[in-house]
Amino acid sequence: MPEKPYDHIQLELKWHERWENATFYKAEENSAKPKFYVLEMLPYPSGTLHIGHIRNYSIGDALARYKWMRGFNVLHPMGWDAFGLPAENAAIANKVPPRQWTVQNIAAMKKTHRRFAFSYDWDREVSTCEPEYYRWNQWFFLKMLERGLAYRKRALVNWCNKCATVLANEQVVDGCCWRHDDTPVEQRALEQWFLKITHYADALLDDMAQLEGGWPERVLTMQRNWIGRSEGTEVDFHLEGAGTPIRVFTTRVDTIYGATCVILAPEHPLNETLLDPALKAQAKAMVDGRAGRDPGDIDKEGLFTGHYAINPYSGEKVPIWIANFVLMGYGTGAIMAVPAHDERDFEFCRKYAITIRPVIRPVDGALAVEPGMTECFPDYGVVENSGEWSGLPSAEARRKMSAFAEQQGFGKAAITFRIKDWGISRQRYWGTPIPVIHCTACGVVPVPETQLPVILPDRIEITGTGRSPLENVPEFVNAACPQCGQPARRETDTMDTFMDSSWYFYRYCDPHNSTLPFDPAKIAYWFEIDQYIGGVEHAILHLIYSRFFTKMMRDIGLITNNEPARRLFTQGMVIAEGVKMSKSKGNVVGADMLAEKFGADTARMFVLFAAPPEKEVDWRWEGAEGIYRFLGRVYRFVTRNLPAQERSGEADRNVLRKLHQTLRKITEDFESRWHFNTCIASIMELVNLLYAEEQSISATAMAQVLQTLALMLAPFAPYLAQEIWEELGHEGPVFRQTWPVFDADLAKEDGAEIVVQVNGKVRSRITAPFGTPQPELQAQALADEKVKPFLEGKQIVKVILVPDKLLNIVVKP
RNA sequence: GCGGAUGUGGCGAAAUUGGCAGACGCGCUGGAUUUAGGUUCCAGUUCCCGCAAGGGAGUGUAGGUUCAAGUCCUAUCAUCCGCACCA
């Protein structure tokens, strides 16, 4: 048959229509097959998919299709992280209600999704802004409230005056609001709802052992740092005279005899009673002065309070200072300064001429001498000049001195975490309403479960100024107290949208359940997620919240797994012609643009081909043309060889060998490292060989090759693979066929090609049967015309053989 | 400042365990097809010398280990990422 031109538009359109109502991406409910849950991070419905999304989904899609072909019952769902501030901003800018804006965007993006034919089970689609979904956010909130895992407290939050709202930490850029880069963010004390993630701090840290190997080390390290567990001692320094003692946290209680002052954070509550008005003002200025600034370029500043405290070990009287480098948010908000053994304390005490007293000497050295010290000695060593503790090694002193503090009642061993409880209150409209009611008589009353969901009202005016938009909706705000029935006020804050994404992947398992967030039996079947794929930018926030939710759900008794995902893969970014893509640069490569220019197959295959998936990809249009050419080459070759013609068959062995080598490579890569770039390259090599040998391939071999080629392409280029599958006379979806098995014997070379080196330099190559022993190879090599000149007049020192690979003759003059 | 990753042709990259550096693709050059352009097909393409055969050099830089180093070790530079007064 004459070859057909590769008309990707017609070809993709044809299958697009035929697949419109296809059911073959549905996960089976009761299956005898082993299950495989592959998940890509759900997108925010901004309105368009870009090349970065396409990369993420192409990786997941290739894996899902491969797993199907390997006989797994695959769950491959998709949804929308549909709440969030951009919808509100759009509402202000374009006067479009957030819901309408969001729903339109989802429709547009779903269309693009379908165009790319990603293999999702759309029946399980989840959109987090729908009451059927967010009611379970509220349900989880109530469960946490019952267990004391959700609580309300006054806390400092980031506040932007121009937005008149709280900002999340990640919306503070260089100390200013992300929307107003001329407006410094203020710290304001507000009543906020918190989730007690710190309750699970140890579990989150310890269970990382289960993730080792399955999650990127980088992500685990980032989480470990974020949780920031540190073991130390809390010690009370009593005030000289009366007053609440100052509790400090230190990891180096062994250095406490070297403590020459106590330093409080400028916002430490004790300052209220300790400071006179003038000093209070200075302390306040200190707090404001460091707000949002890069800690690296803030100079250490402090002031003496005029008060003294007593070191409980030595009985020594030390001055109490306030300094800007002591953080209220960590430990107890107060430290003992040991300038001789801590870099920051050293810098501070030098500046203010506070005594520096060495008390730790290096194990094999002498105690430093002051005055004259130019740097501190922060390492462990041997304790000196410390009363009864002198002579002990640091580690032992830490233990014994902690125990002593506890015995004497002025302190204890303590563990401090860097991670803080998760503040989830947002003074915004487009989010999940927090299901509580404020009653003047009963206080804060949870909305009863039976009254869920608390529906977010649609009729609302968003101006972008003033208070939370919900406060202006009387029919929302005014409610009866569930306890006493008297008129009360509904909470108008909504939840952080990270709530939504913390458990959506559970909902996929049972998306239409109206009595529970999901049926535990279904979770027991599908979980853990076998492969989660997404960007590394979520390493901390989303991925730590998700792990927290999983532990909370386990403790409620809903699930039995400890962790949400067994394996996590973080794909690299996509940049455009060397620079980061961004709306402001106008260089965002949109998915629809791609589909129009080259078709979905080319676009998704190119992002896989351009680099291994964990690396950054540089999008270049010319590069994509190469893939387009390749797909055309495949299609033309297949169509002109149908039906296969009887030819000599001289090349059969060669071609079949290459075929099985290719198959082996792709199979092994899917099972291990996912270097799809080299997988695609090896298919190209195969096709290049087919072009070269076209006239010498028998009909039998040709049929075999074409069929396997279609199957191998199925995970990467589903449209083309399907079209070929049909041209070959088959029915049904190609990606539901069985993945072909490679034949190790067919893949084997006929014999070994052995590189002959002289002093490590390649001089010749010889062929020999596999396993030829050294003496024979050596004889052959020594007789080789290309090798001889390099041996002349030289003495052979030794000969090294790497069996079936290489022979190195070492000579000297 | 601390921690991590990366550095290979004009470009994206490959080399999975110390054993042929540059697979595959882009771009470029030449040829065939075509009225021409495009498409398609074929060949060439790390650098230097050479008509060629061939030779020499070469994986950020400088050393080292080894018969053999892109790969291991030491130092150093650059880029990117993360953390950053965490007591």
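Every chain is numbered from 1, with letters handed out A, B, ... down the list of sequences.
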Give the nucleotide from the list B:A87, B:C67, B:G12 with an atom nearest to the side chain of A:A610. B:G12

Residue whose nearest RNA chain B nucleotide is more 5′ - A:I540 or A:V762: A:V762

Under 3.5 Å, is there a donor-acceptor pair linking the side chains of A:R633 and A:N688? yes

Counting any heavy atom closer than 4.0 Å, what does A:D345 reach on the DNA or RNA strands: base, sugar-phosphate only, or nothing? nothing

Write down the distance between CZ (A:F637) and P (B:C41), rounded to a whole number of angstrom. 12 Å

May I ask you to say what A:N759 touches in the nucleic acid, namely base, sugar-phosphate or nothing, with a heavy-atom cut-off under 4.0 Å? nothing

Using a 4.0 Å heavy-atom cut-off, does A:E217 contact any base of the nucleic acid, only the sugar-phosphate backbone, or nothing at all? nothing

Mind checking if A:K761 touches a base, just sugar-phosphate, or nothing, with heavy atoms under 4.0 Å? sugar-phosphate

If only side-chain N and O atoms of A:K615 are considered, is one of them under 4.0 Å from the OP1 or OP2 phosphate oxygen of B:A13? yes

Would A:R640 count as a cation-pi partner of A:Y6, with NZ or CZ less than 6.0 Å from the six-membered ring centre and within 45° of the ring normal? no

Please work out whether the ring planes of A:F670 and A:Y66 are parallel, tilted or perpendicular, with thresholds of 30° and 60°. parallel

P-based separation of B:A15 from B:C72 [nearest Å]: 14 Å

Separation of A:W619 CH2 from A:L594 CG (nearest 0.5 Å): 4.5 Å

My understanding is that a pair needs two contacts under 3.5 Å, Watson-Crick or G-U wobble. By that rule, which nucleotide pairs with B:G58? none

Pairing check on B:G44: which nucleotide meets the Watson-Crick or G-U wobble criteria with it, both distances under 3.5 Å? B:C28

Identify whether any heavy atom of A:N808 sits under 4.0 Å from a base atom; if not, whether one sits that close to sugar-phosphate; answer base, sugar-phosphate or nothing. base

Where does B:G37 land, syn or anti, once you apply the within-90°-of-0 test for syn? anti

Has A:K805 got a side-chain N or O lying under 4.0 Å from the OP1 or OP2 atom of B:U17? no

Watson-Crick/G-U partner (both atom distances under 3.5 Å) of B:U16: none

Separation of A:K798 atom NZ from B:U66 atom P, in whole Å? 10 Å

Would you say A:S230 places a side-chain N or O within less than 4.0 Å of OP1 or OP2 belonging to B:A87? yes

Among B:C85, B:G55, B:A13, the one nearest any side-chain atom of A:F790 is B:G55

For A:K665, report the nucleic acid contact type (base, sugar-phosphate, nothing); a contact means any heavy atom under 4.0 Å. base

Return no unless some side-chain N or O of A:N225 is found under 4.0 Å from OP1 or OP2 of B:G4. no

Whole angstrom is fine here: how far is it from CG in A:D669 over to P in B:A14? 11 Å

Tell me whether the side-chain N/O atoms of A:R418 come closer than 4.0 Å to OP1 or OP2 in B:C83. no

Under 3.5 Å on both distances, the Watson-Crick or G-U partner of B:U33: none

Give me the distance, rounded to whole Å, that separates B:G12 from B:G64 when you measure between the P atoms they each carry. 31 Å

With a 4.0 Å cut-off on heavy atoms, is A:V326 in touch with a base, just the backbone sugar-phosphate, or nothing at all? base

Does the ring of A:F348 carry A:K300 above it, NZ/CZ under 6.0 angstrom from centre and within 45° of its axis? no

When the P atoms of B:G37 and B:C28 are considered, how many whole Å apart are they? 15 Å

In whole Å, what is the span from the NZ atom of A:K786 to the C1' atom of B:G54? 11 Å

A:Y628/A:F606 aromatic ring centres below 6.0 Å: no

Is A:E316 paired with A:R357 through a side-chain N to carboxylate O contact shorter than 4.0 Å? yes

Mind running salt bridge (Lys or Arg N to Asp or Glu O under 4.0 Å) on A:E616 and A:R55 for me, showing each step along the way? CA-CA 11 Å; A:E616 199 172 74; A:R55 186 179 199 195; over 6 Å; no

Need to verify one output field. Residue with the more 5' nearest nucleotide on RNA chain B, A:T221 or A:G760? A:T221

Could you give the CD1-to-C1' distance, from A:I809 to B:C67, as a whole number of Å? 11 Å

Proximal nucleotide (of B:A23, B:G12, B:A87) relative to the A:T678 side chain: B:A23

Nearest-Å distance, CZ (A:F325) to P (B:C85)? 12 Å

Pairing partner of B:A68 (Watson-Crick or G-U wobble, both distances under 3.5 Å): none

Looking only at the side chain of A:E625 (C-beta and beyond, no hydrogens), which of the listed nucleotides B:G27, B:G25, B:C85 gets closest? B:G27

Ignoring backbone atoms, establish whether A:N677 has a side-chain N or O less than 4.0 Å from OP1 or OP2 of B:A14. yes

With a 3.5 angstrom cut-off on both distances, give the Watson-Crick or G-U wobble partner of B:A23, or none if there isn't one. none

Looking for any heavy atom pair under 4.0 Å, which part of the strands does A:E343 touch: base, sugar-phosphate only, or nothing? nothing

P gap between B:A78 and B:A62, integer Å: 16 Å

Between B:G12, B:A21, B:A23, which one does the side chain of A:A681 approach most closely? B:A23

For B:U8 and B:C83, measure between their C1' atoms and round to the nearest Å. 30 Å

Separation of A:K300 atom NZ from B:A87 atom C1', in whole Å? 11 Å

With respect to the phosphate group of B:C41, does any side-chain polar atom (N or O) of A:R636 fall under 4.0 Å of OP1 or OP2? yes

Base, sugar-phosphate alone, or nothing: which one does A:P5 contact when heavy atoms must sit under 4.0 Å apart? nothing

Take atom C1' in B:U66 and the same atom in B:C11, then report the distance between them in whole Å. 35 Å

Classify the nucleic acid contact of A:Y691 as base, sugar-phosphate or nothing, counting any heavy atom under 4.0 Å across all strands shown. sugar-phosphate

B:C51 -> Watson-Crick or G-U wobble partner, both distances under 3.5 Å, gives none

Is there a side-chain contact between A:R629 and the phosphate of B:G27, meaning an N or O under 4.0 Å from OP1 or OP2? yes

Scan A:R763 against the nucleic acid and name what it touches under 4.0 Å (heavy atoms): base, sugar-phosphate only, or nothing. sugar-phosphate

Examine B:A14: is either OP1 or OP2 under 4.0 Å from a nitrogen or oxygen in the side chain of A:R673? Give yes or no. no

Which of B:C41, B:C67, B:A14 is nearest the side chain of A:R633? It is B:C41

Same-atom distance (P) from B:U6 to B:C73, integer angstrom: 12 Å

Evaluate salt bridge (Lys or Arg N to Asp or Glu O under 4.0 Å) for A:E694 paired with A:R636, printing each intermediate quantity in order. CA-CA 12 Å; A:E694 186 168 2; A:R636 289 189 302 272; over 6 Å; no

Please state the C1' separation for the pair B:G70 and B:U59 - nearest whole angstrom. 5 Å

Kindly indicate, with the supporting measurements, whether the criterion salt bridge (Lys or Arg N to Asp or Glu O under 4.0 Å) is fulfilled by A:D669 and A:R673. CA-CA 5 Å; A:D669 251 285; A:R673 58 174 202 167; 3.3 Å; yes

Now, which nucleotide makes the Watson-Crick or G-U wobble pair with B:G3, with each of the two distances under 3.5 Å? B:C81

